[in-house]
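Sharing a structure, written as structure tokens. Questions coming.
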Amino acid sequence: MAGSVLTQIYREKQVEELAMDGVDEIPQQFDITIYKPPTAIKAIAANSNLKNQSIPFIDPPVIDFARLITSNEEELEKYREALSSWGCFQLINHGMESIIDEMRKNAKQFFQLPMEEKLKCAKSANYYEGYGNDDVTGAQAKDWTDRLFLIASPEEQRKMHLWPQNPPSLRKTIDECTKSGMNMIETLIKIAAKSIGLEENIFLSKCGEKPVAHFRLNLYPPCPKPELVLGLKQHTDGGVMTLILPDEQVGGFEFIKDDQWYQVHPRPGAIEINIGDQFEVLSNGIFKSVLHRVVANKKERMSIVLLWSPDREVGVGPIDELINEKRPRLYKSVKNYNDIIIEAWKKGIFTLDAMKL
Ligand SMILES: O=C(O)CCC(=O)C(=O)O
Ligand SMILES: [Fe+2]
């Protein structure tokens, strides 16, 4: 294909190649001291100076899935607190251990392939799916990461030419991981409704027939000057819930709680779950979408992420049951939240701010 020949000749290097070149100086386009966060993000990230500040550790709530599904009162209370005050939690006893092992093995094998092989799935400049770095405008720094980003569900929306053929089991593993991850998230969404005294299908029934799952394999190559870059800039996830398989050896995930950044020690065996913007919108602000980022490191780090979003054709807004005199409607209703996310991501503004009435 002529397009791919051009990509081979003119393409920018992937972050992994910069890391392998052994660059001493961070290329300007990654340098967060040159490209400052846009205004909206500046206020909240005022205390986010990475150079001179050590970020305190915190352990987000640990939720036992096996206990949660039996409607154990204590677990439900912890879960409600995680959804409404933290925006993130760690899920244990989830039953996904073997597929997670398989997924991590396959993801690692993919990133270890020669660049030429990975570039068979290269993303194009103006569209997010495929293998490569993210798109930014001139106003912000690029993230120190290479990722494979795919729509994994519904099946008919998959773009198979962007799905790697190597390692040979990767496609099947992503498929299985998507199916069990989506089931898990849908169960968690039901229990979230029950935890605040609502009928269990109340949120899911507003998300349409064909929820969307985005799948991301993130590689954060070793960085010679981690204090000058971010692995992934501060953002909220746009969907309802996100399932993250963090690197169990190398930390880097940080999030904001009560206006303070915290870092998390990866907990072996746990799945990290984030609440996304559309759960905050559906719950009229009761559940909190968590602002988070990934810092860079001198060591390589890998994470695997599944983002669950409503059907694109469905308008998502606060549910009637959570709007009343005491809690007036906070957000408008929109379709195609993904388009809003991508535009906001490029401009560096918060998507939720664009949703406020
Ligand atoms: O790498 C991580 O731990 C988090 C990744 C993340 O926030 C994302 O892909 O949206
Ligand atoms: Fe995220």
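In each ligand, atom 1 is the first atom listed, and ligand 1 is the first ligand listed.
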Pairs under 3.5 Å, N/O atoms on ligand 1 and on the protein: can you put them in a table with the distances?
| residue | atom | partner | partner atom | Å |
| --- | --- | --- | --- | --- |
| ligand 1 | 1 (O) | Tyr220 | OH | 2.8 |
| ligand 1 | 1 (O) | Arg301 | NH1 | 3.0 |
| ligand 1 | 1 (O) | Ser303 | OG | 2.6 |
| ligand 1 | 3 (O) | Arg301 | NH1 | 3.4 |
| ligand 1 | 3 (O) | Arg301 | NH2 | 2.9 |
| ligand 1 | 7 (O) | His235 | NE2 | 3.3 |
| ligand 1 | 7 (O) | His292 | NE2 | 3.0 |
| ligand 1 | 9 (O) | Arg216 | NE | 2.9 |
| ligand 1 | 9 (O) | Arg216 | NH2 | 3.2 |
| ligand 1 | 9 (O) | Asn218 | ND2 | 3.2 |
| ligand 1 | 10 (O) | Arg216 | NH2 | 2.7 |
| ligand 1 | 10 (O) | His235 | NE2 | 3.1 |
| ligand 1 | 10 (O) | Asp237 | OD1 | 3.3 |

message: Other residues, nucleotides and ligands only: do more than 12 of their heavy atoms fall within 6.0 Å of NZ on Lys335?
response: no
message: Please give the atom name: the N, O or S atom of Asp237 nearest to the Fe ion (ligand 2).
response: OD1
message: Which residue in the set His292, Arg293, Arg147 passes side chain to side chain contact (heavy atoms under 4.5 Å, CB included) when paired with Leu232?
response: Arg147
- prompt: So which of the N, O or S atoms of His292 lies nearest the Fe ion (ligand 2)?
  reply: NE2
message: Could you check whether any side-chain heavy atom of Leu198 comes within less than 4.5 Å of a side-chain heavy atom of Ile319, counting everything from C-beta outward?
response: yes
query: With respect to Lys194, which candidate in Glu75, Glu73, Glu200 satisfies the salt bridge (charged side-chain N to carboxylate O under 4.0 Å, His left out) definition?
result: Glu200
- request: Using the ring-ring contact (aromatic ring centres under 6.0 Å, His included) rule, collect all pairs that involve residues 95-117, keeping only residues at least two apart or in two chains.
  value: Phe110-Tyr131
statement: Apart from Ile92 itself, its cluster of hydrophobic side chains linked below 4.5 Å comprises Val62
task: Could I get the full list of side chain to side chain contact (heavy atoms under 4.5 Å, CB included) partners for Gln263, not counting sequence neighbours?
output: Ile55, Phe57, Glu254
